[in-house]
Amino acid sequence: MSVRAALRPIIISILACLGSACALSGFAKDYGASATAAWASLLGLAVALSVGVQQPRFLQRLRDPTPLQRRLTGLFLLLATPIYMVFANNWVLRTLTPFWHDDQMHVVQVRMLGQGRLWMPQHPLADFFETFHVFVKPIYAGIHFIGTTLLNVPGDWVGLPTYAVPLLISGITVAVTYLLVTRAVDGVAGLLAVPMLWSLSYFRFLAPRVTSHLPMLMLGLLTIWLWLAWRRTNNLCWVIAIGVVAGCACVTRPADAIAYLMPVAILFFADLWRLAWKKRLVHLLCGIGGSLPFLLLQLHFNSSVTGKMLYTPYQKYNDDNYPRINYATNANFDAMIERKPISLLPQKNDYYYEWLVPFIAHRERVGSWSATVFERIPLTLRFGLPNPLLYILVLVGFAGVTSRLRLLFALIPLLLLTVYFPHLFYLPHYAVIVAPSLIVLSFLGVNALKALWPRRSNSIGAFYGTFALCVSFSNMPPFSSAAHEDAPTSFRATTHANEILPQTISGPSVVLFKYTKGCNFHDEPVYNMETASPDDAQIIRAHDRGAANITLLRYYAEKQPWRAVWHINRATGVVEYRGTVGEALEKAIAASVSNEGTDEVGELIPWQT
């Protein structure tokens with residue numbers, strides 16, 4: 001017996017023990033351990049213990065599908081995934097319209113870029129429109145990288161709802177996941193990967209959102225798929241496509257792009273080295289040419305917003321509003337208390353002191369290494385897999401890495417955790433980006449166990465297939481309820497502003513939102529997502545700034561006197577009609593002169609019907 005063969009059972013046993021510890025930690029979180037999953041475990045165990053389990057013939061055919069069968073299955077998944085994501089979000093009463101800070105900001109960016117603009121001039125009354133993740137001075141622009149915006153602009157051009165392109169992206173992501181898992185393991189694994197991905201609460205949550213996470217996952221998987229296609233033919237068209245997709249990934253989520261592109265680049269250059277030097281040069285130039293437009297556009301965006309090509313808007317926004325939390329910055333708790341955000345917006349300051357400062361204090365107390373080992377790795381496994389028992393197979397799966405493609409999938413989660421090691425934030429929905437890799441590793445863990453006990457390989461396969469299906473479906477609507485969703489289900493103020501106000505208010509209007517202490521600062525409705533410029537919107541959203549409202553009302557009385565004025569108190573949830581701009585201005589001036597704190601208002605409309 002060789003040394004490698006002798007050490008293999010020992011390595012698998014050690015990895016299985018580590019995985020078991022993670023699994024117990026996962027169950028301690030009370031996640032995924034539903035009654036259905038428990039019954040599935042017992043059923044799978046019974047199958048595994050049975051003797052002489054025979055593999056059905058149809059499974060043998062599914063393991064090695066023809067190229068045509070793979071394409072047709074991928075096309076079906078591309079179409080079926082958006083349909084199921086709409087159903088799943090509706091089932092848990094989650095709106096499809098934007099309500100997160102990130103996706104509302106991205107929609108603002110999409111409206112601008114849809115008109116050929118990366119930014120707009122500063123509004124004369126910019127303070128009334130200040131909000132999260134958006135610059136209002138000295139220009140009006142979003143803060144995030146432009147990759148997600150670019151992908152969503154075609155939908156804006158043809159007038160699609162904001163959730164249409166993200167749903168299509170989710171379908172492409174699932175389809176490419178099936179193709180890659182089929183290539184890395186087999187066709188049965190590829191099919192099982194689909195419900196495993198659908199079962200992730202944050203995948204379903206992100207599917208209709210205009211955010212960067214699923215676009216990054218789609219672009220990363222497409223880069224791998226294009227690299228495999230190039231390896232078969234060495235065609236320059238594939239190299240150009242790799243450059244385009246990789247360039248878009250770099251301006252979508254640069255840190256996450258490193259986790260996907262670095263191992264692909266190493267394997268690509270290893271293959272490229274075998275070609276003649278002229279072909280190497282041509283391939284490199286084609287790849288760079290494909291990615292260059294995206295990189296140049298991002299550099300231009302940086303320069304326009306911050307004045308420096310290598311200083312991103314995201315960095316500047318954090319420097320201004322959340323001191324010392326940018327990438328690779330050693331956040332100091334005392335320094336954060338001393339240096340206050342430059343913003344005077346109450347909800348931004350509440351966000352900073354009530355959520356962010358405690359978050360950083362915890363991180364400083366725990367330390368980077370402890371946070372990565374005891375928090376981030378379990379968090380990645382918890383939100384990247386349907387059930388804690390699969391943690392065992394993921395770690396065992398590292399022993400089953402026997403090809404370049406499998407090595408690539410094994411490296412992605414390790415690189416992502418490494419890239420985020422010095423960064424303050426690592427949130428639950430980040431785990432979705434490495435979910436396909438974790439799923440592949442779980443299948444490799446099954447293969448490693450089959451190789452260790454070849455006489456029970458069919459029993460092990462039957463157990464895993466049964467268990468994976470049962471725990472996946474137990475986490476998917478309609479088999480799971482809204483109460484078991486990890487991801488948010490509704491933000492009342494923003495949902496009201498996005499869905500109910502347009503049905504309630506007819507005609508051009510200005511709506512003033514009053515924020516008071518105790519309101520949910522994560523639930524921010526003041527985003528003007530209809531148009532590139534707030535003044536062009538049918539319903540203009542602005543902050544109620546008390547006595548300063550006279551300035552806003554006077555501005556619109558001169559510029560757009562036909563608008564009506566409404567007021568929303570976010571604490572009480574009541575909408576008040578205050579007349580036309582001119583009428584509201586007269587009331588505000590009279591109240592200011594007489595020092596009255598209340599105005600006579602019109603019809604009261606309840607927050608929720």
Side-chain angles (χ1 to χ4, degrees), residues 81-82 85-86 88-90 94-120 131-135 140-174 201-220 248-249 251-254 256-257 294 297-298 301 313-314 317 427 429-430 432-433 487-491 493-495 497-499 502 522-532 534 537 541:
T81 297
M85 292 300 127
V86 171
N89 279 275
N90 287 333
R94 185 189 295 128
T95 178
L96 298 179
T97 58
F99 62 79
W100 242 13
H101 292 164
D102 284 10
D103 55 341
Q104 293 189 97
M105 178 277 304
H106 276 299
V107 173
V108 172
Q109 279 189 317
V110 169
R111 302 304 186 204
M112 294 180 189
L113 198 56
Q115 295 187 9
R117 301 290 298 269
L118 289 170
W119 52 271
M120 298 294 289
T131 189
F132 292 89
H133 302 174
V134 174
F135 289 108
Y140 180 49
I143 72 166
H144 275 270
F145 296 87
I146 61 171
T148 302
T149 307
L150 287 170
L151 292 172
N152 283 271
V153 164
D156 180 61
W157 284 341
V158 299
L160 294 176
T162 57
Y163 51 81
V165 172
L167 287 171
L168 177 62
I169 289 173
S170 70
I172 296 172
T173 301
V174 172
S201 58
Y202 271 105
F203 185 90
R204 298 193 300 272
F205 169 73
L206 293 170
R209 312 258 80 83
V210 189
T211 56
S212 59
H213 307 87
L214 287 193
M216 179 62 240
L217 176 56
M218 178 193 71
L219 294 168
C248 190
V251 298
T252 299
R253 292 184 66 84
D256 305 65
F294 298 95
L297 190 61
Q298 181 65 49
F301 181 48
Y314 180 78
Y317 179 85
L427 302 176
H429 52 283
Y430 292 9
V432 172
I433 294 175
T489 53
S490 73
F491 281 31
T494 307
T495 302
N498 293 345
E499 296 184 348
H522 294 291
D523 183 13
E524 179 53 67
V526 181
Y527 286 87
N528 287 279
M529 298 182 291
E530 294 181 50
T531 55
R541 307 182 196 179

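Remark: the backbone N or O of Y430 is not paired with any side-chain donor or acceptor of Y202 at under 3.5 angstrom. Side-chain atoms of D256 do not come within 3.5 Å of backbone N or O of H213 as any donor-acceptor pair. Checking side-chain atoms of R209 against main-chain N and O of T97 turns up a donor-acceptor pair under 3.5 Å. Under a 3.5 Å cut-off, the side chain of D103 and the backbone N or O of T211 do not form any donor-acceptor pair. A distance-only check finds no donor-acceptor pair linking the side chain of N89 to the backbone of R94 [under 3.5 Å]. Distance alone, capped at 3.5 Å, is enough to place a donor-acceptor pair between the Q109 side chain and the H144 backbone. Under the 3.5 Å distance criterion, the side-chain polar atoms of R541 are matched with a main-chain donor or acceptor of P525. Remark: side-chain polar atoms of H101 are paired, donor with acceptor, to backbone N or O of H522 under 3.5 angstrom.
Summarising the geometry, atom CZ belonging to F301 is positioned 7.5 Å from atom OG1 belonging to T149; distances are rounded to the nearest 0.5 Å. A distance of 5.0 Å separates OG1 of T252 from CG of L219, quoted to the nearest 0.5 Å. A distance of 10.5 Å separates CD1 of I433 from OG1 of T173, quoted to the nearest 0.5 Å. Within the model, atoms CG of L96 and CG of N90 stand 5.5 Å from one another, a figure rounded to the nearest 0.5 Å. Distance check: M105 CE to F132 CZ gives 13.0 Å after rounding to the nearest 0.5 Å. Atoms CG and CD1, on L167 and I172 in that order, are 11.5 Å from each other to the nearest 0.5 Å.
Under the 4.5 Å side-chain criterion, counting only non-hydrogen atoms from C-beta, F294 is in contact with L150. Proximity of L214 to F203: side-chain heavy atoms (C-beta onward) are separated by under 4.5 Å at one or more points.
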Task: Test side chain to side chain contact (heavy atoms under 4.5 Å, CB included) applied to E524 and F491, step by step - done: CA-CA 9 Å; E524 179 53 67; F491 281 31; over 6 Å; no
Task: side chain to side chain contact (heavy atoms under 4.5 Å, CB included) between L118 and L113, intermediate numbers included - done: CA-CA 5 Å; L118 289 170; L113 198 56; 3.7 Å; yes
TODO: Start with the C-alpha gap between V165 and V110, add the side-chain angles, then the distance that decides, and say whether side chain to side chain contact (heavy atoms under 4.5 Å, CB included) holds.
DONE: CA-CA 12 Å; V165 172; V110 169; over 6 Å; no
TODO: Check step by step if side chain to side chain contact (heavy atoms under 4.5 Å, CB included) holds for Y527 and N498.
DONE: CA-CA 10 Å; Y527 286 87; N498 293 345; over 6 Å; no
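With P166 as reference, N152 is the one residue of N152, L151, T148 to meet the side chain to side chain contact (heavy atoms under 4.5 Å, CB included) rule. The side chain to side chain contact (heavy atoms under 4.5 Å, CB included) test with V210 is passed by exactly one of H106, Q104, M529: H106.
Taking all atoms of both residues into account, the shortest heavy-atom contact from R204 to A88 is CD-CB, 3.7 Å. For the pair F99 and T95, the tightest heavy-atom approach, listed with the atom from each and the gap, is CD2-CG2, 3.3 Å. Of all the heavy atoms in T162 and P98, the pair that sits closest is OG1-CD, 3.5 Å. Nearest heavy-atom pair across D156 and G114 is OD2-CA, 3.7 Å. Between P82 and G171, the closest heavy-atom pair is CD-CA, 4.1 Å. Annotation for F145 and V251: closest pair CB-O, 3.0 Å, computed over non-hydrogen atoms.
At most 12 non-hydrogen atoms from other residues, nucleotides or ligands lie less than 6.0 angstrom from OH of Y163.
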